[in-house]
Amino acid sequence: MKGLALFVALTATASAPELPEFRNVAAEAGLVQSFPNGGSESKKYIVETTGSGVAFIDYNNDGLLDIFVLSGPGGTNRLYRNEGNGHFTDVTEEAGLKSDGWSQGVCAGDFDNDGFTDLLVTSWNGLALYHNVGGRRFENVTVRAGLKQDRARYNTGCAFLDYDNDGRLDIFVANYVKFDFATTPKPGENPYCWYRDLAVNCGPRGLPFDHNILYHNNGDGTFTDVSDASGISKSNQSYCLGVLTGDFNQDGRTDIFVACDQTPSLLYINRGDGTFSEEGVLRGAAFDDNGKAMSGMGAASADYDGDGKPDIFRTNFSDERETLYHNRGGADFDDATISAGLGRNTRWVGWGCGFLDFDNDGWKDLLLVNGHVFPEVDRLKIDIHYKDRAILYHNNGNGTFTDISDRAGPGVLERHASRGAAFGDYDNDGSVEVVVNNQNEPPSLLKNAHKPAGNWVILKLEGVKSNRSAIGARVRLTAGGHTQIDEVRSGGSYLSQNDLRLHFGLGAATKADEVEILWPSGIRQIVQNLNIDRVVTLREPIK
Amino acid sequence: MRATRCVLALVAVSVAAQDPVAKGIEEFHKGDYMAAQATLEQALKQNPSNAHARTFLALSRAATGGCDTATNDLTAAYSGKNAELRRLAGLALVQCHMVHNRLDAALPIVMELEKQFPNDADVLYEAAKLDMKAWNDVVFQMFQKTPASYRVNQVSAEIFEIQGRYADAIAEYRKAIEKNLAAVNLHFRLARALLMESHSPEAMNEAQREFEAELKLNPHDAVAEYEIGQILLAENKPQEAAPRLERALALSPDFPEALLAVARLRAEAKRNDEAIELLERAVRLEPENEAAHYNLMLAYRNAGRSEDAVREKAVIDKLQRPPAGEFTEFLKKLGEKAPNQ
């Protein structure tokens, strides 16, 4: 039998979507500082390749999303306050967020339920829990909270989640590899330090595994490591990066999906007794459709086909397809990558990703950002590049997507070594923007210059019995006969934090007929005839 | 004879300082072959019947290029009962024959060594070297004797492919096709090289055209049919892909990838029992095919056959475990190296 070709891809079906025009408005918005992250021409160590994330959070509760961008050494994480006029001001110093080191991931949540969104930053070498003090500044409470780690860990993705539904946010932290500068082999030193005949940084293969961590919120400002007791640490043969929480089997408890590099991705199913069972392989969410582990980086979730079940999308490496896992129900997944029209793009290393309804037609579209891990790849002069453009898929509303990247505006086509990406409507105009962390460059801020025709609504949920951030709250919204679902999530994308508010495109519908909220507390709330084209705050009812 | 030195120096032997044979063997293992020869020659003068000394003297001579004087004793040791000496002598004989371009003589020894020591890195290395030399010699002859033939372009393309120089490979395949429009497999190889070079839509389209061209020459080429089916699937043309994949399987009913592809079509059409039947056939044909086991696991799961699904998962877990062996151990050690922190 002949050898089979190593191919993938091609053009998807053409429809006539309302095209966006994404422009990078970072410079005019004041996001001008570069964020160092290892070498630009070559990278000696793997830690130079994986950073860093970015967040959209409203830290001062003024109703406007601010931006928090993470940095590698030589720079600092920066908080940019949204001034409400399209401009952001760097308030890092006054906010107490100046930093150094290899920051990786960021996730947000109000862990002490005081009404102000707190931040967790993961790094190679530790965690930093920043308590938001009245929306004015942040206090690093890592040690006091019991989150100081006893050795250098390569912490990556993170999420606040209330896994035991006790109304307090716990913390999940993914770990990549055990890494240190002294003992890690140098480029070319072993077979795992080569890429297409180029000596490159080593790993993750050949480097030791580490395990993921779950911290339980004790309710007094401290956390306890329950990784062993919860079963989280049992899965210790994967190189873990992006974290995506969600109630994938729709049983009212938060599960955890982790995108893992060169190893099976993990799906921790919450058993409801304080423990998790890792079931990624059997549930079809660990591999591609050939049973091969991909180089998973980021992950996002949405009900892309409108069947009422949350699906999962994962970004992967070049020469691999991205993966779209379609939820059959009960968190059993099928690989729907090809049938959904996502089989084409295999020349990029994908990182941050998110479902966004850019045209407000009620169907979640999909954007991912790219950039290779090896700057050295440019020496090969092939069609895989260190800096590359983003990819935007339009949801055709029939379970398939169309790649419209070439027609989606110059912001999508700009080439960067992108990593984290966060999604949110920073100017509350009903159109979702994307902020992207680019290695060794200023971030990109992708704004759609074309106002979408469809109506919209943004829901800001506020827990009372449930955690104040409403993380884990699930929403079912019906408008104009079309029902959509979504869930409030901390973390996600690639090591990043999206707007905690939920954006729904409504098409031509002039009101949201019904909004059903399943709060983590178990309370079910129904709101009817909701006004639209605005941000609506919904507070958990007390029963 | 640098390789010989490395190979032979691996053997550990205890040394009694006063014993001249032991001293000679020690010198041999240190790589001081000249001193070993002198010591062992002296020892054999004192006790000409010492077979051990004779063998290591022959090994030392072979290691310094003295194959002619070593061959008889190496041959004797190679036929002896001591497995390690047999291995060392066999390797030295192979190297001697290869130095003198006696590939016919080296080949049976290598084959016998591979039988006796199937997991030995040194033996496998010599076997690889011998095969490579034989291949190189023939290719060299081809280039000398038939420089204008399409086969020269084809073999050049194949070499470029191995080297990852796909653009060069593509150029050579095209030259080969120009010279021989009727040769089968060239369009197929060209298509494959195109896909290895790039995943751009243009490359995909071109590859599809080449696979179609291959099918014109050989309408029964199941793999070309399959590849076209895969391209059409990637183009999100499942209706066009399905008959191509079905035909690939019809042409070659034992083609595991086609079985998988058609099983996926059945599963998507909710014809799960048929999918299971095809996948069970695929795993019977290729018990180590991970993709087949994975898809069978999912098909069982979808059919509600949980126990069967769990059993298949266990097979997958086993198949995905890294293979045993020296190289894996080496990498494992790297992985287990404790960080300083």
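In what follows, every heavy atom counts, from backbone to side chain, and hydrogens, waters and symmetry copies are set aside. Remember, predicted model here, so these are calculated numbers, not experimental data. Every chain is numbered from 1 and lettered A, B, ... according to where its sequence line falls, protein lines coming before strand lines.
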For the side chain of N295(B) and the backbone of D289(A), is there at least one donor-acceptor N/O pair under 3.5 Å apart?
yes
Quick check on E277(B): does its CD atom have over 12 non-hydrogen neighbours (other residues, nucleotides or ligands) under 6.0 Å away?
no
Taking atom NZ as the centre, does K148(A) end up with more than 12 heavy-atom neighbours from other residues, nucleotides or ligands that are less than 6.0 angstrom away?
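No.
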Can you say whether [X] sits under 4.5 Å from chain A via the side chain, the backbone, both, or neither, judging by heavy atoms?
X	result
L233(B)	both
Q320(B)	side chain
N289(B)	neither

Return the option, out of K313(B), R301(B), E268(B), E290(B), with the maximum number of heavy-atom pairs under 4.5 Å with chain A.
R301(B)
Find the one option among I316(B), N302(B), L194(B) whose heavy-atom pairs under 4.5 Å with chain A are most numerous.
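Option with the greatest count: N302(B).
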CG/N236(B) to CG/D403(A) distance, rounded to the nearest 0.5 angstrom?
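The CG atom of N236(B) sits 12.0 Å away from the CG atom of D403(A).
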Taking the side chain as every heavy atom from C-beta outward, state whether V310(B) and L282(A) have any atom pair closer than 4.5 Å.
yes
Within a strict 4.5 Å, meaning less than it, do heavy atoms of the L260(B) and N290(A) side chains meet?
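In contact.
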Salt bridge check: are R264(B) and D334(A) linked by an N-O gap of less than 4.0 Å?
no
Name the region of R328(A), side chain, backbone, both or neither, that has any atom closer than 4.5 Å to a heavy atom of chain B.
side chain
V281(A) and M297(B): CA distance, side-chain angles, deciding distance, side chain to side chain contact (heavy atoms under 4.5 Å, CB included) verdict:
CA-CA 9 Å; V281(A) 173; M297(B) 180 198 78; 4.0 Å; yes
Here's a test for you: under side chain to side chain contact (heavy atoms under 4.5 Å, CB included), which of D383(A), I382(A), I384(A) qualifies with S198(B)?
D383(A)
